[in-house]
Amino acid sequence: MNRQRTTSRGGTGMRMRGLIRKEFLQIVRDPSAIAIAFLMPVILLFLFGYGVSLDAKDVPLGLVVEYPSAETTAFTQGFLGSDYFATQHYSNLPEAEAALVRGEVAGIVHLQADFARKLAGAGQAPIQVIVNGVDSNTAHIIKGYVQGAWANWLERIAAEQGRRHAAPVELE
């Protein structure tokens, strides 16, 4: 019984040595394997580190403001001055939705007519963000950028009023 265990352990070691020898001979016969094993990861590291950017630039975004006010203008200015968005204004939501379906815009930011009143009153002003979900990665990037623009606007408004940043607007 002891003899079988020793043989099986020795067999594993022999198989391992045979596998290492085979791979060594393969590398000696084909030097390109060394390049694939060692040089390729270094090239890919530099390529993805410096050459590939996952930032979206000039994303076409539709802005729908039902009732322009000082608050809506201040909010939409954050999109107009951004490198991330190429904004297009639409007069109503169905027109912007048609542009989204045609692929002219990748997302829509909709400010309802009572945005300024709700913001000043109860502090709950809804902002509707509609994104094209065909490419979920781009949709998440747009959502994140819109949230960033929204957060920057809220911080700027709070600083102008001399108070701390409180989230009176909830993005859903």
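In what follows, residues are counted from 1 in the order of the sequence shown. Heavy-atom basis, side chains included; hydrogens, waters and symmetry copies ignored.
Proximity of F115 to V65: side-chain heavy atoms (C-beta onward) are nowhere separated by under 4.5 Å. Side-chain atoms of V146 and F85, non-hydrogen and from C-beta on, do get closer than 4.5 Å to each other. Within the 4.5 Å cutoff, the side chain of I127 has heavy atoms near those of the W150 side chain. In this structure, I108 and L93 have side chains that are in contact, with non-hydrogen atoms separated by less than 4.5 Å. Contact check for L19 versus R15: no side-chain heavy atoms found under the 4.5 Å cut-off. You'll find the side chain of L111 reaches within 4.5 Å of the side chain of T76, heavy atoms only. Side-chain contact check for L61 versus V105: every heavy-atom pair is 4.5 Å or farther apart. Annotation: side chain of H89 is in contact with side chain of L80 (closest heavy-atom distance under 4.5 Å).
Shown here for A74 and R156, the closest heavy-atom pair between the two residues is O-NH2, 3.3 Å. Among all heavy-atom pairs drawn from G107 and L100, the shortest one is N-CD1, 3.9 Å.
We find the CG-CD distance between N92 and E66 to be 8.5 Å, quoted to the nearest 0.5 Å. How far CD of Q88 is from CD of E95: 10.5 Å, rounded to the nearest 0.5 Å.
Taking hydrophobic clusters as Ile, Leu, Val, Met, Phe, Trp and Tyr residues chained together by side-chain heavy-atom distances below 4.5 Å, V59 shares a cluster with I141. Under a hydrophobic-cluster definition in which Ile, Leu, Val, Met, Phe, Trp and Tyr are linked whenever side-chain heavy atoms come within less than 4.5 Å, directly or via other members, F79 and I130 are assigned to different clusters. Y90 and L63 fall into different hydrophobic clusters, where Ile, Leu, Val, Met, Phe, Trp and Tyr are joined by side-chain heavy atoms under 4.5 Å apart, directly or via other members. Hydrophobic clustering (side-chain heavy atoms under 4.5 Å, transitive across Ile, Leu, Val, Met, Phe, Trp, Tyr) groups I27 together with F38.
Judged purely by atom type and a 3.5 angstrom limit, T72 has no side-chain atom pairing as donor or acceptor with the backbone of P68.
Of the N and O atoms on the side chains of Q77 and T73, not one donor lies less than 3.5 Å from an acceptor on the other residue. With hydrogens and angles left out, the side-chain atoms of Y145 and Q147 include no donor and acceptor closer than 3.5 Å.
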